[in-house]
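Starting from 1, each residue takes its place in the sequence as its number.
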Amino acid sequence: MSSETTTKIPEAAAVPPSGPAPVNKRVPQGHRRLLTRRDRITLGFMAGVPTVLHVALVWVTALASIALAFTSWDGIGFGSIKWVGLDNFKQLFSDNPQFWPAVEHNVIWFVVLILIPTPFGLFLAVQLDKKIRFSRVYQTAFFLPVVVSLAVTGFVWQLVYNPDTGLINSLIGANKPGHYIDWIGDPHLNLWAVLIAASWRHTGYMMILYLAGLKGVDPSLREASSLDGANEWQTFKNVIFPTLRPTNTVVLVVTIIEALRAFDLVFVFNKGAQGTELLSILVTNNIIGESSRIGYGSAIAVVLLVISLVVIIPYLISTFRKERSA
């Protein structure tokens, strides 16, 4: 019996022709419109309206305030604007008895915020970072004053400081005739009373900033420190706190800005009178007060702007340099 074996030889692979590879030419399919006319109108409206409002309400008003600082204007008709040069600034620095006390109060505001609520906020952040029970509840409770309007905070603390029915006077027995303590009306007490309310709010703000910084600390640093025999305080002082340097910079800038823009609490308490003068209060009183002096009030606003830029510009330069180096 014979069997016939058939062997199939695979076909040779096609050899590409020598020479340059062929170029696949894409057949043009015409212009494809990704957005319809209605879409472009909608996007232009959504982006244009906020841009116009921002430019009009922020940049135009800021530049107009700088220009008006060198003029004298009572706010009635543009024809009454008179160019006075540096007279507003000369009068501000030499003849205004409220200006330097206001600057002093803004400095005191900053010192108190940086020495009392900032360390306390750091302490709360460290405790909450230990993942204790009900930490979310504590975070919400401490951060609640930050999200509440400053005007509402002022009204709440007015009730606390009320001479007749206030919480503090009721606790210390100073709500009886002849024993009243006027926390808001006494020029020796009202600034410190307002600062307590401001510190109550600022503590929660600092707690959140430091808590965010602590979440970014590498856990291996804590483990290495514990293996070296360091206790909790030594670990925080020598390992954790140095890593919070970027957070400390943000905290410092934020605190300075908070001290410079302080207005709401003081205005609600006593409108910045009798020992609670601030630069922001002087600006408001001169621009929308009984005797409107828009040029003079704008000069005070320019001084406040310059002080703010002295702090903000170095911070922005440092931030941009870090981003470029990274």
Side-chain angles (χ1 to χ4, degrees), residues 47-111 113 149-151 154 187 190-191 194 198 253-317:
V49 172
T51 301
V52 171
L53 291 177
H54 177 77
V55 171
L57 299 179
V58 178
W59 289 100
V60 173
T61 54
L63 295 176
S65 180
I66 295 174
L68 290 173
F70 301 94
T71 65
S72 174
W73 185 35
D74 57 4
I76 303 176
F78 294 104
S80 60
I81 300 177
K82 297 180 181 180
W83 181 264
V84 296
L86 297 175
D87 289 349
N88 287 332
F89 295 95
K90 294 178 181 178
Q91 183 181 357
L92 178 64
F93 293 127
S94 59
D95 298 334
N96 191 334
Q98 293 181 318
F99 176 73
W100 292 112
V103 174
E104 179 183 355
H105 294 160
N106 277 104
V107 173
I108 293 174
W109 199 285
F110 165 71
V111 172
L113 291 185
S149 170
L150 281 171
N190 50 19
L191 179 62
V194 178
V253 174
V254 168
T255 304
I256 294 175
I257 294 175
E258 287 289 322
L260 291 175
R261 73 182 188 91
F263 172 80
D264 309 66
L265 282 175
V266 175
F267 194 81
V268 170
F269 266 64
N270 61 355
K271 301 186 184 303
Q274 301 177 354
T276 57
E277 298 87 353
L278 295 172
L279 290 175
S280 57
I281 296 293
L282 295 184
V283 173
T284 304
N285 290 341
N286 281 277
I287 292 180
I288 62 175
E290 296 179 357
S291 57
S292 181
R293 303 172 62 190
I294 296 180
Y296 190 70
S298 298
I300 304 175
V302 169
V303 172
L304 189 58
L305 174 64
V306 171
I307 298 175
S308 302
L309 292 178
V310 169
V311 179
I312 295 173
I313 290 178
Y315 170 73
L316 293 178
I317 293 176

Single hit among Val311, Val306, Ile313, Ile307 for side-chain contact (heavy atoms from CB on, under 4.5 Å) with Leu309: Ile313
Heavy-atom closest contact (Ile300 atom, Leu279 atom, distance): CG2-O, 3.9 Å
Any residue meeting ring-ring contact (aromatic ring centres under 6.0 Å, His included) with Phe70, in chain and number order, not counting sequence neighbours: Trp83, Phe89
Which residues share a side-chain contact (heavy atoms from CB on, under 4.5 Å) with Ile76, sequence neighbours left out: Asp74
Sequence-distant partners of Thr276, side-chain hydrogen bond (donor to acceptor under 3.5 Å, both in side chains), two or more places apart: Asn270
Which residues share a side-chain contact (heavy atoms from CB on, under 4.5 Å) with Ile81, sequence neighbours left out: Leu68, Thr71, Trp73, Phe78
Give every donor-acceptor pair under 3.5 Å between a side-chain atom in residues 48-66 and any protein atom, sequence neighbours left out.
residue	atom	partner	partner atom	Å
Thr51	OG1	Ala47	O	2.7
His54	NE2	Trp59	NE1	3.2
Thr61	OG1	Leu57	O	2.6
Thr61	OG1	Val58	O	3.0

Heavy-atom closest contact (Trp109 atom, Ala259 atom, distance): CD1-CA, 3.6 Å
Nearest-0.5 Å distance, CG of residue Asn106 to OG of residue Ser280: 6.5 Å
Ser72 to Val84 - nearest heavy-atom pair and separation: CB-CG1, 3.7 Å
Euclidean distance, Ile294 CD1 relative to Ile287 CD1, rounded to 0.5 Å: 7.0 Å
Contact list for residues 259-278, test salt bridge (Lys or Arg N to Asp or Glu O under 4.0 Å), sequence neighbours left out: Glu258-Arg261
Test side-chain contact (heavy atoms from CB on, under 4.5 Å) applied to Asn96 - qualifying residues, sequence neighbours left out: Leu92, Gln98, Phe99, Tyr296
Residues which pass side-chain contact (heavy atoms from CB on, under 4.5 Å) with Ser149, listed by chain and number, not counting sequence neighbours: Ala151, Val152
Non-neighbouring partners of Phe263 that pass ring-ring contact (aromatic ring centres under 6.0 Å, His included), sequence neighbours left out: Phe267
Test log, rule side-chain contact (heavy atoms from CB on, under 4.5 Å), inputs Ile281 and Leu278: CA-CA 5 Å; Ile281 296 293; Leu278 295 172; 4.1 Å; yes
